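Have a look at the structure below before the remarks.
These numbers come from a predicted model, not from an experiment. To find a chain, count down the sequence lines: A is the first, B the second, and so on, and within it residues start at 1.
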2 protein chains.
Amino acid sequence: MTNDFFREQLKQKGLKVTPQRVAIYEAVVNLNNHPTAEKIIDYIRRNHPNIAIGTVYKVLDSLVDNNLLKKVKNDKDIMRYDAVVSHHHHLYCSETDRIEDYEDELLDKLINEYFKNKKIEKFEIQDITLQITGKFNNN
Amino acid sequence: MTNDFFREQLKQKGLKVTPQRVAIYEAVVNLNNHPTAEKIIDYIRRNHPNIAIGTVYKVLDSLVDNNLLKKVKNDKDIMRYDAVVSHHHHLYCSETDRIEDYEDELLDKLINEYFKNKKIEKFEIQDITLQITGKFNNN
DNA sequence: TTATGTAAAGATAATTATTCTCATTTATGG
DNA sequence: CCATAAATGAGAATAATTATCTTTACATAA
């Protein structure tokens, strides 16, 4: 299902459907923790031991360019990737590298409403994403 | 003034007041565009040609640890630094690497109010920062 | 169904940003 | 002014990422 969706998306964007691309996308989806390239490579190599590191980076870049993955901003000099491309926010753990997605339509509505009235001078807003830093209380 | 404030801060934190630290802090303040380490080095070397790159990285790290500078999250694998440590948000240009500070107490109040009622499950919020992406209309 | 052009993958070298090591220098408290 | 711990400088080392170039394989169409 996710798989078919992804294959279809690749075709629509004029990208070839390769096992590497599918595996990399599935890795990000299945890991589900905003993995780094390294984590993705580790995961894929279990079933796909010969994939080249350069390929992973190239595929990640092209999937980001084609809006099938998103880069996640963070304080470290390691890039992280998110398979959720719909609008959402992020919960950042202040003590670890854990990052979780956070969706909140009501909040989005509130903020959008706010910026309908209050314009930012000389700036046209395209997207607003919250970085919510704090502590996770479970595991 | 900024200078004296900074020297005083260093003393209070038990850090030695060195010309390198002052120069690096001043560079971030004066550049005022969330510079990378490289931009900071370029700026400092005009007046301080012998400063070592490693020193700049070490000083930046220690100033961040001591809350005299902040790291700015971004999509690139280059870290950027901000001399504004008070609570504020960021405007990201969707077309360039430009980043500007954005302060909005009313908005902060609105969002804090919202999260007083709506708790995020198993998460204790410490800070909320907005990444506002869009287009700058001037220069 | 196979041939073919082209995009993509693999291997590995190169680059870039950052960190580390260690000898030397310097700020600060007595 | 001295002692000493902290900080700097120089350059090597590392880690993440990008680039290059040859080989492979997807996809279109005969």
If you assign A:Lys71 and B:Gly54 each to the DNA chain D nucleotide with the nearest heavy atom, which residue ends up on the more 5' nucleotide?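 Closest to the 5' end, via its nearest nucleotide, is B:Gly54.
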
Which residue lies more 5' along DNA chain D, comparing A:Lys58 with A:Thr36 via nearest heavy atoms: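 Closer to the 5' end of DNA chain D: A:Thr36.
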
Round to a whole Å and report the spacing from [atom1] of [X] to [atom2] of [N].
X       : N      : atom1 : atom2 : result
A:Leu15 : C:dT6  : CG    : P     : 17 Å
A:Lys39 : D:dT17 : NZ    : C1'   : 18 Å
A:Ile24 : C:dA8  : CD1   : C1'   : 11 Å
A:Asn50 : C:dG10 : CG    : C1'   : 9 Å
A:Lys76 : D:dA16 : NZ    : P     : 12 Å
A:Asp61 : C:dA9  : CG    : P     : 12 Å
A:Arg45 : C:dA9  : CZ    : P     : 14 Å
A:Ile51 : C:dA11 : CD1   : C1'   : 13 Å

More 5' along DNA chain C: B:Ile78 or B:Val17, using each one's nearest nucleotide? B:Ile78

A:Ile53 or A:Gly14, whichever maps to the more 5' nucleotide of DNA chain C: A:Gly14

Measure from the side chain of [X], starting at C-beta and using heavy atoms only, and say which of [options] lies closest.
X       : options               : answer
A:Val59 : D:dA7, D:dT17, C:dA9  : C:dA9
A:Pro19 : C:dT18, D:dC26, D:dG9 : D:dC26
A:Glu38 : C:dA9, D:dA16, D:dT8  : D:dA16
A:Ala52 : C:dA8, D:dA5, C:dA11  : C:dA11

Does D:dA25 have OP1 or OP2 sitting under 4.0 Å from an N or O in the side chain of A:Gln20? no

Look at the side-chain N and O atoms of A:Tyr57 and state whether any lies under 4.0 Å from the OP1 or OP2 oxygen of D:dT17. yes

Near A:Glu105 CD, under 6.0 Å, is it more than 12 heavy atoms from other residues, nucleotides or ligands?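 Count not over threshold, so no.
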
Crowding at NZ, B:Lys39 (>12 non-hydrogen neighbours, <6.0 Å): no

Among A:Asp82, A:Thr129, A:Asp108, exactly one meets side-chain hydrogen bond (donor to acceptor under 3.5 Å, both in side chains) together with A:His88. Which residue is that?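 Passing option: A:Asp82.
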
Under 4.0 angstrom, heavy atoms only, what part of the nucleic acid is B:Thr18 near: base, sugar-phosphate, or nothing? sugar-phosphate

4.5 Å side-chain heavy-atom contact, B:Leu31 and B:Tyr81: no

Is there a donor-acceptor contact under 3.5 Å linking the side chains of B:His34 and B:Asp97? no

